Each structure stands twice: as C-alpha cells, then as structure tokens.
2 protein chains.
Amino acid sequence: MIRVVVADDHPIVRGGIVALLSAADDMTVVAEASDGLEAVRLAAEHAPDVVLMDLRMPGLDGDEATARILAATPNVRVVILTTYESDASILTAIEAGASGYLLKAAPQEEILAGVRSVARGEVALAPSIAAMLVQRVARPAVTLSPRETEVLALVAQGSSNPSIAAALFVSEATVKTHLLHVFEKLGVNDRTRAVTRAMELGLLGR
Amino acid sequence: MIRVVVADDHPIVRGGIVALLSAADDMTVVAEASDGLEAVRLAAEHAPDVVLMDLRMPGLDGDEATARILAATPNVRVVILTTYESDASILTAIEAGASGYLLKAAPQEEILAGVRSVARGEVALAPSIAAMLVQRVARPAVTLSPRETEVLALVAQGSSNPSIAAALFVSEATVKTHLLHVFEKLGVNDRTRAVTRAMELGLLGR
DNA sequence: TGACGCATCAACCGATCGGTTGATGCCAGT
DNA sequence: ACTGGCATCAACCGATCGGTTGATGCGTCA
C-alpha cells in the first residue's frame with residue numbers, strides 16, 4: 001500500500017487527485033495540504049511513501065518544499081504534478097531532489113503509474129519532461145549571472161542604462177558590459193528581445 | 001436537477017470537477033469534454049442547463065467555444081472555471097456571453113454555489129473577477145489599435161524601427177508615431193517597458 | 001458638418017544604445 | 001600557477017531611439 005500526501009492549492013484539483021489515488025487498490029491518501037509549508041509539516045507527521053505536490057503554490061513553492069521535505073524526511077519521495085512550467089522551474093524542482101515530474105494534462109493511468117514507479121524507488125518523468133532533459137544534457141542551458149539578471153530585470157522595467165548605473169552604484173560602462181554579455185548568451189541583438197527571450201527561457205520572472 | 005457538461009483538457013482536473021458536481025444532490029454531469037470543440041458538440045447533443053468549462057484548452061479556447069455554444073444552443077448557460085488569466089482573456093470570455101467566471105482556487109462550495117446561481121439565470125463571478133470588472137467600469141481598459149499591436153509585436157521580437165518599417169511597407173516615421181501612441185496609452189517611456197507592460201495587460205501574447 | 005480615432009508622413013535634435021577595443025582585480029577550481 | 005567566470009571600468013563612434021512640431025486623408029458616428 002503506497003501512502004501518499006497530496007499537496008495542491010486548488011481544492012477542486014486536489015479533490016480530483018485524491019479521488020484518483022483513493023480509487024487505486026494499492027494507494028491511500030494519508031493527508032492533504034493546500035500549500036508548501038503544510039506539505040512539509042504533513043510529510044514529517046505522516047512519513048508517507050510519496051508526496052504528490054504542485055509546483056506553484058502560495059507561500060512556499062513546490063521546489064523549496066521538496067528540498068525541505070527531503071532534508072527533514074529523506075525516505076520520502078516527492079513527485080511534482082503540475083501544468084507545464086518553464087524549463088528553469090522544472091530543473092529547479094529536479095535539482096531540489098524530486099523523484100518525479102508529471103503533468104496534469106496526462107492521462108490518469110499515467111499519473112498512477114508514475115506514483116507507483118517512484119514508490120518503487122524509480123524516477124518518473126512525463127514524456128515531454130524527459131525529452132526536455134535529454135535535450136538539456138545534449139545542449140546545456142543558458143544561464144545568466146546574478147548581476148546580469150539584476151540588470152536585465154531593470155531593463156524590463158524600462159530603465160535606461162544611466163538610471164540602471166545609478167540604481168546599482170556602478171558606471172554605465174559596467175551596465176553596458178553586462179548587457180552585451182546577456183545579448184551574447186541569449187543570442188539577441190537588443191535589450192527588448194533580451195527581455196522577451198529571457199522570459200521565454202524562464203530566466204526572468206513575469 | 002441541474003444538468004451539466006464539464007469541459008477541461010486535464011483529465012485529473014476534470015475528474016475532480018465531475019466528482020464534486022456528482023456528489024451534489026441537485027446536479028448531474030451528463031457529459032465530459034476534453035476540448036472546446038467537443039464541448040460545443042456535447043452541448044448541442046445534451047442541451048444541459050450549464051456548461052462548466054476551462055478557458056485555455058487545445059484547439060478551441062473556452063471563449064470561442066462559449067460563443068459557439070450560445071449561438072447553437074441559446075438556452076445553455078456557460079460558466080468558465082479556470083486558473084487566473086489576464087484581464088483581457090477574462091473580458092473576452094464574458095463578452096462572448098459566459099454567465100459565470102469562477103476560479104479553480106476557490107473553495108468547492110463556492111464553485112457549487114456559482115453553478116447553482118447560473119442555473120437560476122443569475123451571473124456568478126469569483127470575487128476577484130467581480131472586483132476587476134468594477135474597476136474596469138470605473139476606469140476603462142487600455143486598448144491598442146491593430147496596427148499598434150502589430151508594431152509592438154515586432155518590437156518584442158527585437159526588430160528596430162527601420163526593419164519594422166520595411167516589414168510593414170511604411171516609413172520609419174509611421175512606425176515611430178505608432179510607438180509613441182503606444183507609449184502614451186500604456187504610460188511608459190520606452191519600447192522595452194511597452195512590451196512588458198502590454199504582456200502584463202494581456203495585450204500582447206507571450 | 002464636426003469630432004474623433006486611425007493610419008500615414010516629414011525634419012530636426014539630443015539622448016541613448018550597441019559595438020569595439022582594450023583594461024584590472026577577485027575568486028574558485030584544477 | 002593558470003584558467004575561466006564574474007564584476008568593474010574607459011573612450012570613441014555610428015546607429016537608433018524618443019520627443020517635438022507639424023501635416024494629410026479616410027471612415028465612423030452623432
């Protein structure tokens with residue numbers, strides 16, 4: 001019997017997940033959480049086999065909750081179940097130690113099979129996530145340095161190079177250098193496209 | 001007995017919705033659709049009291065499906081049930097004739113109450129949607145002309161004014177004039193902020 | 001008819017941007 | 001010690017951008 005804690009901030013979605021798992025002969029839902037912090041607390045309290053958790057929740061997101069759950073209860077395995085998110089957020093969850101990443105758009109049988117795999121100690125990835133990881137290994141992702149990200153975020157707010165320089169207590173030449181590095185990394189030629197491209201890649205918040 | 005067609009492309013979410021409605025004494029789910037086209041077909045076939053439908057679905061989105069359902073079966077009422085979307089997409093659904101707009105994050109009782117209101121001929125709005133509509137009436141939304149939108153989309157792709165002018169077979173002065181109008185309307189001072197602001201407002205696709 | 005929104009266009013000017021060509025220094029890893 | 005990434009900085013220059021000040025013409029609506 002696979003013991004599961006379910007965490008999702010949408011009650012109607014959580015209801016659907018609980019109903020699906022409860023109908024399976026080999027699973028039982030031992031607790032339900034509506035945010036990341038509650039998921040961490042219930043995992044510690046119930047020591048389930050699997051925490052099945054959304055990624056985007058109020059307060060504490062699923063990736064941070066994953067890290068905390070695994071730090072506190074290393075025998076628990078975490079499966080992320082979410083709508084498609086950016087490559088960057090998927091990778092953050094996997095780097096945090098999630099053993100599975102499943103999509104809500106998947107057929108119900110695929111979600112059940114994923115939970116079972118993870119309970120057996122395997123890794124379960126939705127096919128599109130697996131494909132993304134394969135591609136990522138073949139061609140490592142673009143990353144921006146913290147400073148580059150900081151400068152680009154100010155660009156996205158409409159700041160000019162001189163005003164960014166003033167805000168960050170550096171010279172315009174420094175701002176410009178950071179931006180040129182960003183353009184190189186993202187393969188773009190101007191600030192506006194850099195912003196939209198970074199958003200597409202999940203490197204800049206929306 | 002309120003007869004409902006449920007439309008959502010995520011099987012696990014649809015399962016949660018169906019479970020919730022089926023557990024209510026006064027509701028029965030007469031059919032389930034996994035996309036907008038199927039919702040239109042099932043509404044015509046079953047003539048339910050209410051179609052409870054997601055907004056963002058493959059093939060045909062909920063707003064277009066709403067318009068088609070109402071054109072073909074005017075006695076059916078449509079309730080949109082979705083995660084939060086942009087103000088613009090909410091308005092499009094309401095303009096298409098949806099009688100309700102509910103959020104998946106809502107408590108289950110609120111979703112049931114919303115469906116009952118709509119079945120009675122009333123309008124059901126999630127509180128945050130109602131608040132947005134009130135604000136919208138008090139302060140009408142920004143809109144961009146088709147040409148302004150076209151120019152701004154090219155800006156978002158990193159095109160310079162000269163290249164936009166060439167692409168659209170107009171002069172640079174025309175491009176610049178459109179952009180200046182966009183800046184005025186959006187209350188911004190530069191192209192980059194215009195793009196991000198328009199995305200925030202749902203005026204430019206992501 | 002007049003007003004408004006939209007689309008189109010021009011010229012001038014200062015500010016900003018992007019590219020280029022360097023440079024220094026710090027830190028971490030091999 | 002060396003290398004690479006990151007952060008910082010400068011000067012010059014041409015291209016682009018944004019603001020300003022106009023203008024015309026079309027279609028729609030009251």
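In what follows, chains are A, B, ... by sequence order, proteins preceding strands, each numbered from 1. As the structure is a computational prediction, the values presented were derived from the model and not from experiment. In what follows, every heavy atom counts, from backbone to side chain, and hydrogens, waters and symmetry copies are set aside.
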Ignoring backbone atoms, test whether A/S171 places a side-chain nitrogen or oxygen under 4.0 Å from the OP1 or OP2 oxygen of D/dA10. yes
Output, in order, the C-alpha distance, side-chain angles, deciding distance and verdict of side chain to side chain donor-acceptor pair (under 3.5 Å) for A/T196 and A/E200. CA-CA 6 Å; A/T196 57; A/E200 285 164 20; 4.7 Å; no
Determine whether B/E122 and B/R116 satisfy the following criterion, salt bridge (charged side-chain N to carboxylate O under 4.0 Å, His left out), listing intermediate values before the conclusion. CA-CA 9 Å; B/E122 297 165 8; B/R116 290 188 182 110; over 6 Å; no
If you go through the side-chain atoms of A/T177, does one of them form a donor-acceptor pair with the base of D/dC9 closer than 3.5 Å? yes
Is the phosphate of D/dT8, meaning OP1 or OP2, less than 4.0 Å from a side-chain N or O of A/T174? no
Can you tell me which nucleotide in C/dG18, D/dA7, C/dT16 comes closest to the side chain of A/P146? D/dA7
According to a strict under-4.0 Å criterion, is A/H178 in side-chain N/O contact with OP1 or OP2 of D/dT8? yes
In whole Å, what is the span from the CD atom of B/E172 to the P atom of C/dA7? 19 Å
Relative to the 5' end of DNA chain C, which residue comes earlier, B/S145 or A/S159, by the nucleotide with the nearest heavy atom? B/S145
Looking only at side-chain N and O atoms, does B/D54 offer a donor or acceptor that is under 3.5 Å from a partner on B/T82? yes
For A/N189 and D/dT16, give me the distance from atom CG to atom P, rounded to whole Å. 12 Å
Whole angstrom value for the distance that separates C1' of D/dG4 from CD of A/E184: 14 Å
To the nearest Å, how far apart are B/L144 CG and C/dA7 P? 10 Å
Specify the separation, in whole Å, of atom CZ of B/F169 and atom P of C/dC9. 12 Å
Will you find, in the side chains of B/T177 and B/T174, an N or O donor that is under 3.5 Å from an N or O acceptor? no
Side chain of A/R191 (C-beta onward), nearest among C/dA10, D/dG18, C/dG18: C/dG18
Output the rounded distance in Å from CG (A/L180) to P (D/dG5). 17 Å
With a 4.0 Å cutoff (strictly under), does any side-chain N or O of A/N161 reach OP1 or OP2 of C/dC17? yes
Side-chain N,O (B/R147) to OP1/OP2 (C/dG5) below 4.0 Å: no
Check every atom of D/dC17, C/dT8, C/dC17 against the side chain of B/S160 and return the nucleotide holding the closest atom. D/dC17
Donor-acceptor contact below 3.5 Å, side chain A/K185 vs main chain A/T143: yes
Counting only side-chain nitrogens and oxygens, does A/K185 get under 4.0 Å of the OP1 or OP2 atom of D/dC6? yes
C/dC6 P sits how many Å from B/L168 CG, rounded? 17 Å
Between atom CG in B/D190 and atom P in C/dC17, what is the gap in whole Å? 8 Å
